[in-house]
Protein chains: 2
Amino acid sequence: MKKEDPSCFTCSTRYCCILKNCERQYLEFVDNSKFCMTYRKGQPIIRQGTYIDGVYFISSGVAKVFVNGYRGQPLIISLAKAGSVLGHSTDELGKQQISVTAVEETSVCFIESKEYEDICSRNAGVREDLTKAFQRELNQMHTRMIHLAQLNVREKVAEALLHIVNTYLSEYSKEPFEVNLSRKDIGDLIGVTKEQVSKTMAELKKERIIFVSGRTLQILNYAKLRSIACL
Amino acid sequence: MKKEDPSCFTCSTRYCCILKNCERQYLEFVDNSKFCMTYRKGQPIIRQGTYIDGVYFISSGVAKVFVNGYRGQPLIISLAKAGSVLGHSTDELGKQQISVTAVEETSVCFIESKEYEDICSRNAGVREDLTKAFQRELNQMHTRMIHLAQLNVREKVAEALLHIVNTYLSEYSKEPFEVNLSRKDIGDLIGVTKEQVSKTMAELKKERIIFVSGRTLQILNYAKLRSIACL
DNA sequence: CGGGTTATTGAGGGGCGTCAACAACCGTGG
DNA sequence: CCACGGTTGTTGACGCCCCTCAATAACCCG
């Protein structure tokens, strides 16, 4: 799984929360002490219930972050992409509270807790960025809670599709792309059955708001989709 | 609204996340620079969209933390009690993303951002505790998301009642107590209509799992209630 | 005591989950 | 190359859960 380690200085996520305001000397330190790995489609990166003494940063790819719900139903908490931090969702004892699986080929960098804390304690800027990252994540969870609690299926599916596009395409773009998520996965993002996802997507296709064929997705009318999703 | 300020050293939340591992000299600093206030039942403590340059700590009372959802429907994110931190849910610019309202008489201490950051930068212990507090909050949100996404109304109501008891009574106790939340509020905790809350509570009462009369609540059978709530 | 808010309860209807049958797709092996 | 089994996606029928609406009751505060 090990690959030649890329440099932090030329990383595509050079301006992510941990690297952005890190002083040069510490960045060198990170660069030397990090481990890099690549996971293939479907491979687990983190398993709920295990212990990991460190933090992962995604440098490329897409992964699904999920928890085990009730009656064997998972709930996908979020889709992680380049720049996302993984592994800080632990309980008091450090046990991972979430699972992460690569949705497509995904490269990550691993930094040990000790080093990670060291950098935080010495870099006010990094610390601040990390706090902001936590806040951003909390706000995202609040937004998702509102969606789960108050939207109907059609609205939820629209929102899920926008979430997915946002993960795969850097800017809102109208080009078609390959979604490596099943209908069940999309449903697990929003607490809806795979059948309802299928039906709703067929509906949106008929209305010319999206184009779908298998796992190829294309957004034809962002304005309409956003208005359906109550955004 | 101002009252005589109580001391941090004798605070009932002396062992909360910010005070627990704070070095004595900084605790004195906090003690001197904090502002204390008391809000009456129904009074807003924080309003979504405003700017607050600091953080609140609840020293006593209960408050509801909520966001504005769609179609005028609020969603209650959590119930805050002694030891809870308020005001760190901001967007990039520092705008508050949540509202907080006192559910019963509530006392809070306010610390300015500058001082708060100062303490964090000088106290590794406090910093660690705050990170843990963030993690705990994120995990709680994940759990609530599963509830919102996967439970039916009966299960959700059971869970809401346990959440409420947990807020009002220090230990799981079977004594009756006064809930200063309307049926609508309870519904807004779980994304359910007030009518459904009413009906389900009547059902649970008939089954001798709880006793209710108006806003007086008593849990008669914790085991049963927990099993209904999938906990 | 009366007006306003809150709670209770019932009737009705539709949204959405469940189930099932069928179609499409994919990788494997003959 | 096609055959074939397994997984995934699609579509329809059915029924129940839960939202909506409305009427009545209980409560609170002046």
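Proteins come first, then strands; the chains are lettered A, B, ... in the order of their sequence lines, and each starts at number 1.
Scored by the ring pair (Phe, Tyr, Trp, His ring centres under 6.0 Å) test, A:Tyr222 finds A:Tyr172 as partners (sequence neighbours excluded). Under the side chain to side chain donor-acceptor pair (under 3.5 Å) criterion, B:Glu203 pairs with B:Arg154, not counting sequence neighbours.
Atom-to-atom, CZ of A:Arg71 to P of C:dG17 comes out at 13 Å; the value is rounded to the nearest Å. For A:Lys206 and D:dT11, the NZ to P distance is 8 Å, given to the nearest whole Å. Atom CD of A:Gln73 and atom C1' of C:dG17 are 11 Å apart (whole Å). Computed from coordinates, the B:Asn152 CG to C:dG15 C1' distance equals 16 Å when rounded to whole Å. As rounded to whole Å, 12 Å separates atom P of D:dT8 from atom NZ of A:Lys41. Between A:Leu204 atom CG and D:dG9 atom P there is a gap of 17 Å when expressed in whole angstrom units. Protein atom CD of A:Gln150 is 17 Å distant from nucleotide atom C1' of C:dG15, rounded to whole Å.
Less than 6.0 angstrom separates the ring centroid of A:His88 from the ring centroid of A:Phe134.
Under the 4.5 Å side-chain criterion, counting only non-hydrogen atoms from C-beta, A:Phe211 is in contact with A:Lys205. The side-chain heavy atoms of A:Lys156 and A:Gln196, taken from C-beta on, include no pair separated by under 4.5 Å.
A:Glu178 and A:Thr216 share a side-chain donor-acceptor pair at under 3.5 Å.
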Which nucleotides of nucleotides 3-9 of chain C have their base under 4.0 Å from a protein heavy atom (B), which only their sugar-phosphate (S), and which neither (-), written as one string 5' to 3'? ---SSBB
